[in-house]
Amino acid sequence: MFSSSCISTIISSRFRPEASAILLAVIVILHLCFSILLLEPVKQIKMVVLAASIVGKSGKVLVSRQYVDMSRIRIEGLLAAFPKLVGMGKQHTYIETENVRYVYQPIEVLFLLLVTTKQSNILEDLDTLRMLSKLVPEYSMSLDEEGINRAAFELIFAFDEVISLGHKESVTVAQVKQYCEMESHEEKLHKLVMQSKINDTKDVMKRKANEIDKSKIEKTRGDKGGLSSMSSLSSGFNDMSISHGRGSSFGSGSMLGMMSDVEPISTKAKDRSRSSVTAPPKSSGMKLGKSGKNQLMESLKAEGEHIIEDVKPTCQTRAAVAPPTDPFTLTVEEKLNVALRRDGGISSFDMQGTLSLQILNQDDGFVQVQIETGGNPEILFKTHPNINRELFNSESILGLKRPDQPFPTGQGGDGVGLLRWRMQRADESMVPLTINCWPSVSGNETYVSIEYEASSMFDLTNVIISVPLPALRDAPMVKQCDGDWRYDSRSSVLEWSILLIDNSNRSGSMEFVVPPVDSSVFFPISVQFAATSTYSGLKVTGMIPLRGGGGATPRFVQRTQLIAQDYQVV
């Protein structure tokens with residue numbers, strides 16, 4: 001660029017003195033204008049807000065927003081130096097250093113801070129600080145460290161609406177909130193259209209599902225109608241086999257007559273030679289009475305049926321065919337009625353036990369039963385009114401008060417009851433199985449975790465834990481299960497089954513997910529199980545014959561079981 005003396009020499013050499021003076025003045029004015037325009041951006045850049053921050057009184061930076069290009073080390077150094085510069089008892093709310101100015105305002109235990117240049121307009125900075133102090137409580141629920149951290153991003157967005165490129169914008173608190181919400185009519189309309197499409201799709205899915213269910217029901221009805229005659233015939237055979245196994249439907253001649261009519265049909269497909277050998281040698285065919293009864297038993301046995309000892313054989317058939325079971329069967333059965341509290345502990349406990357005797361032959365009824373109890377003081381025993389109680393208390397022998405009378409035979413079910421006992425008090429450690437159910441709602445789902453703990457006193461079989469559920473269209477989503485599970489949609493119950501609980505699996509768990517519901521829906525939880533050991537530990541040690549000169553101990557079989565009759569978690 002030329003200097004002013006050079007420019008004046010050139011002008012004076014080429015123009016007249018009057019024109020050269022005017023031209024020189026114009027050039028000087030233009031030079032000054034260009035200088036002002038070049039220096040003005042520099043002043044604007046210097047007079048800015050460098051950063052807006054929220055810091056703790058200990059110097060911890062919670063939120064900081066920079067408005068100029070600064071390095072991280074630079075801004076951290078400026079904010080770290082602020083707590084050291086703040087003095088006690090000062091009335092003003094600004095601090096100046098060699099390079100920057102701190103304009104701040106206390107907010108309870110925090111400081112709202114503006115870091116500006118020294119050339120910045122302090123009045124405008126104070127106005128900016130007041131606007132920011134109004135916005136902080138609008139977005140932060142609590143003016144402490146935790147509340148500021150939760151609303152950090154909302155505060156940064158609000159700061160950006162107030163300060164742009166280091167300069168304050170002319171906005172109000174309401175405008176800042178409106179700008180940050182960014183509500184759009186087009187966006188709302190789009191969401192409504194999308195939700196309408198989703199609802200229409202759900203309606204179509206429901207109609208299709210109902211049509212599929214109806215078609216399945218009609219198909220099932222058609223299949224059942226075509227096989228109605230076969231199912232009725234098979235159900236008749238099943239009913240007769242069940243009644244035969246229980247030994248309660250063979251006392252009348254009418255039933256035997258019906259069975260004799262059906263017998264040739266059931267034996268045609270079996271081995272004819274085997275059924276003819278097992279028939280009584282003197283009988284010519286099926287007849288009403290004792291011989292016909294045993295012939296039917298043997299024909300069923302030839303078919304592979306398991307014969308229970310409830311049938312009373314005669315002397316003629318005993319000579320021809322060996323008795324199907326032992327002459328004496330003693331059943332020890334205990335039933336549990338327990339209510340466990342969902343938060344732990346026992347609400348109620350009741351155990352009732354019975355000892356039953358079943359005798360096949362009338363002549364074998366002159367006996368006494370020698371037993372042995374476990375010695376539990378909580379168990380109270382009670383004998384039948386016809387049992388000699390003094391003999392039981394002194395020698396643990398169950399015998400009739402009149403020894404010349406035999407025990408009755410042919411009793412239905414498990415036979416005649418001899419002894420009963422009961423226990424109504426127990427602690428939680430004596431309960432065979434405890435259930436813990438933990439429902440928890442998370443968002444739009446309920447997570448349910450169920451655990452079982454089994455006592456080492458019993459090995460449980462056929463355990464079924466039934467958990468009630470809210471009315472669901474589909475089965476719940478089971479994430480983990482120790483065992484098997486099944487969902488009963490009609491009763492809305494989730495059944496968790498474990499075949500055997502022993503020392504290998506004393507504890508187990510299951511987790512599933514359902515829609516959000518109240519935790520009380522999952523109660524009461526019902527439990528079913530069985531065990532081969534009992535609380536009483538009662539054992540039959542022997543049978544004492546009262547006739548026959550005190551011969552050998554008669555052969556007998558003992559059955560022992562513990563069942564859950566009414567076992568719930570309430």
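These numbers come from a predicted model, not from an experiment.
Counting only heavy atoms from C-beta outward, the side chains of T116 and Y102 never approach each other to under 4.5 Å. At least one side-chain heavy atom of I498 sits under 4.5 Å from a side-chain heavy atom of N505. In this structure, Q480 and S509 have side chains that are in contact, with non-hydrogen atoms separated by less than 4.5 Å. Proximity of P515 to L472: side-chain heavy atoms (C-beta onward) are separated by under 4.5 Å at one or more points. Annotation: side chain of L165 is not in contact with side chain of V48 (no heavy-atom distance under 4.5 Å). You'll find the side chain of L50 stays beyond 4.5 Å of the side chain of Q66, heavy atoms only. F529 is listed as a side-chain neighbour of P432, based on a closest heavy-atom distance under 4.5 Å. In this structure the side chain of V49 reaches within 4.5 angstrom of the side chain of D125, judged on heavy atoms.
Applying the side-chain hydrogen bond (donor to acceptor under 3.5 Å, both in side chains) definition to pairs two or more places apart or across chains, none involves residues 460-478. The ring pair (Phe, Tyr, Trp, His ring centres under 6.0 Å) pairs that include a residue from residues 455-486 are F458-Y535, where partners are two or more places apart or lie in different chains.
At a threshold of 4.0 Å, the pair K214-E218 does not count as salt-bridged, since none of the basic side-chain nitrogens sits closer than that to a carboxylate oxygen. Here K539 does not pair with E372 in a salt bridge; the nearest charged N to carboxylate O distance is not below 4.0 Å.
The backbone N or O of S533 lies less than 3.5 Å from no partner atom in the side chain of T560, so there is not a single donor-acceptor pair. Judged by distance alone, the side chain of R101 and the main-chain N or O of S120 form a donor-acceptor pair under 3.5 Å. Listed for the S215 side chain is a donor-acceptor partner under 3.5 Å among the backbone atoms of I212. The backbone N or O of K197 lies less than 3.5 Å from a partner atom in the side chain of T201, making a donor-acceptor pair. Judged by distance alone, the side chain of S133 and the main-chain N or O of R130 form a donor-acceptor pair under 3.5 Å. Between the R506 side chain and the S455 main chain, a donor and an acceptor come within less than 3.5 Å of each other.
Within the 6.0 Å centre-distance limit, the rings of Y104 and F82 are counted as a close aromatic pair.
Contact detail for Q175 and V171: the closest heavy-atom pair is OE1-CA, 3.3 Å. L85 approaches I95 most closely through the heavy-atom pair O-CD1, 3.4 Å. Heavy atoms only, all atoms of each residue included: A51 and Y67 are closest at CA-CD1, 4.3 Å. Nearest heavy-atom pair, V100 versus V115, reported as atom, atom and distance to 0.1 Å: CB-CG1, 4.2 Å. L460 and A531 get closest at one heavy-atom pair: CD2-CB, 4.0 Å. In terms of heavy-atom proximity, M131 sits nearest to T172 at CE-CA, 4.1 Å.
Note: I198 CD1 to D203 CG = 12.0 Å, rounded to the nearest 0.5 Å. Rounding to the nearest 0.5 Å gives a distance of 9.5 Å between CG of L78 and CG of L113. Taken to the nearest 0.5 Å, the CD atom of E169 stands 10.0 Å off from the OG1 atom of T128. Atom CG of residue L494 and atom OH of residue Y487 lie 8.5 Å apart, to the nearest 0.5 angstrom. Rounded to the nearest 0.5 Å, atoms CG (L110) and NZ (K60) are 10.5 Å apart. In this structure, E334 CD and T534 OG1 are separated by 4.0 Å, a value rounded to the nearest 0.5 Å.
Within a 6.0 Å sphere centred on CG of L189, heavy atoms belonging to other residues, nucleotides or ligands number more than 12. The environment of CE in M141 is sparse: at most 12 heavy-atom neighbours from other residues, nucleotides or ligands sit within 6.0 Å.
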### Message
side chain to side chain contact (heavy atoms under 4.5 Å, CB included), that's the test. Do K118 and N99 meet it? Break it down for me.
### Response
CA-CA 7 Å; K118 295 182 68 175; N99 300 318; 5.8 Å; no

### Message
Evaluate E96 against Y94 for side chain to side chain donor-acceptor pair (under 3.5 Å), listing each step before the verdict.
### Response
CA-CA 7 Å; E96 289 188 357; Y94 73 94; 5.6 Å; no

### Task
Walk me through it: do D160 and S164 pass the test side chain to side chain contact (heavy atoms under 4.5 Å, CB included)?
CA-CA 6 Å; D160 286 346; S164 176; over 6 Å; no

### Message
Please evaluate residues Y447 and F512 with respect to the criterion ring pair (Phe, Tyr, Trp, His ring centres under 6.0 Å), reporting the C-alpha separation (whole Å), side-chain torsions for both, the decisive distance (0.1 Å), and the verdict.
### Response
CA-CA 6 Å; Y447 293 84; F512 61 90; over 10 Å; no

### Message
If you apply the rule side chain to side chain contact (heavy atoms under 4.5 Å, CB included), what do you find for I563 with L336, and how did you get there?
### Response
CA-CA 6 Å; I563 61 174; L336 275 178; over 6 Å; no

### Task
Output, in order, the C-alpha distance, side-chain angles, deciding distance and verdict of salt bridge (charged side-chain N to carboxylate O under 4.0 Å, His left out) for R559 and E333.
CA-CA 8 Å; R559 298 174 180 174; E333 184 181 60; over 6 Å; no

### Task
With side chain to side chain contact (heavy atoms under 4.5 Å, CB included) as the test, would you mind laying out the steps for V136 and I148 before giving the verdict?
CA-CA 9 Å; V136 172; I148 297 298; 4.1 Å; yes

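Qualifying salt bridge (charged side-chain N to carboxylate O under 4.0 Å, His left out) partners for K177, counting only residues two or more places apart in sequence or in other chains: E138. Looking at residues two or more places apart in sequence or on another chain, you find a ring-ring contact (aromatic ring centres under 6.0 Å, His included) between Y452 and W496. Applying the side-chain contact (heavy atoms from CB on, under 4.5 Å) test to R150 and every residue at least two apart in sequence or in another chain returns E146.
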Pair up each side-chain donor or acceptor in residues 337-353 with any protein partner under 3.5 Å, not counting sequence neighbours, and list the distances.
residue	atom	partner	partner atom	Å
N337	ND2	Q565	OE1	3.3
R341	NE	G344	O	3.4
R341	NH1	I346	O	3.1
R342	NE	V570	O	3.4
D350	OD1	R422	NE	3.0
D350	OD2	Q352	NE2	3.1
D350	OD2	R422	NH2	3.1

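Counted by atom type alone, N121 and Q119 present zero donor-acceptor pairs between their side chains at under 3.5 Å. Side-chain atoms of D144 and S142 include a donor-acceptor pair closer than 3.5 Å.
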